[in-house]
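Only heavy atoms go into these numbers, but all of them, side chains included; no hydrogens, no water, no symmetry mates. The residues of the chain are indexed from 1 along the displayed sequence. In each ligand, atom 1 is the first atom listed, and ligand 1 is the first ligand listed.
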Amino acid sequence: MKVVVIQGPNLNMLGIREQQVYGPMKLEQIHAQMKDFAGQNGLEIEFFQSNLEGEIVDKLQECYGDANGIIINPAAYTHTSIAIRDAIAAVNLPTIEVHISNIYRREEFRQKSMIAPVCASSLVGFGPFGYHLAMVGMLQILNEIQAMQEAQKAKA
Ligand code: DQA
């Protein structure tokens, strides 16, 4: 089972940018923790970060036929990108949205997520720990899908 983690614009600046909002942890440290969890639970994991909307759309499309689940923080594109929302809907894979900050407690323009309606779940405001929670949630979703597929096979 393969999970692809997609990180949007400016998340490569974690640990430097607005530490009072996003904390001191760097993206590489977050990814190292996710990789450990994946390894402990028999999941393959791939990480992708881009500052460009089209590259994120391309990566989402690549997930079709290649990944079993997606964890995504589209960062500022969360609030604007119909293209990213459509790509998530198109590939139709279980997708979990993560935001380090609680976007619903911030400026009004951040309080709307274009992608939430096409995601299985959204985790906001847990800081970098939200990515770990997303891994736990994704494992649960993938196990449920696998159990359902096995039950269907046994019936056939
Ligand atoms: C963010 C919230 C967005 O509003 C912001 O543009 C980001 C990070 C978060 O993780 O809290 O870049 O997605």
Angle class for the His79/His99 ring planes (parallel below 30°, perpendicular above 60°, tilted otherwise)? parallel
Using the side chain to side chain contact (heavy atoms under 4.5 Å, CB included) rule, take Glu46 and Lys2 through it: C-alpha gap first, then chi angles, then the decisive distance, then the call. CA-CA 8 Å; Glu46 182 187 331; Lys2 178 171 172 182; 2.8 Å; yes
Is it true that His31 and Gln29 share a donor-acceptor pair across their side chains at a distance under 3.5 Å? no
Donor-acceptor pair, Thr78 side chain versus Ala76 backbone, under 3.5 Å? no
N/O to N/O under 3.5 Å, ligand 1 against protein:
unit_1   : atom_1 : unit_2 : atom_2 : d
ligand 1 : 4 (O)  : His79  : NE2    : 2.7
ligand 1 : 4 (O)  : Arg110 : NH1    : 2.9
ligand 1 : 6 (O)  : Ala76  : N      : 3.2
ligand 1 : 6 (O)  : Arg110 : NH1    : 3.1
ligand 1 : 10 (O) : Asn73  : ND2    : 2.9
ligand 1 : 10 (O) : Ile100 : N      : 2.8
ligand 1 : 11 (O) : Ile100 : N      : 3.2
ligand 1 : 11 (O) : Ser101 : N      : 2.8
ligand 1 : 11 (O) : Ser101 : OG     : 2.6
ligand 1 : 12 (O) : Arg17  : NH1    : 3.1
ligand 1 : 12 (O) : Arg17  : NH2    : 3.1
ligand 1 : 13 (O) : Asn73  : OD1    : 2.9
ligand 1 : 13 (O) : His99  : ND1    : 2.8

Return yes if a side-chain donor-acceptor contact under 3.5 Å exists between Glu53 and Asn51, otherwise no. no
Donor-acceptor contact below 3.5 Å, side chain Gln7 vs main chain Ser50: no
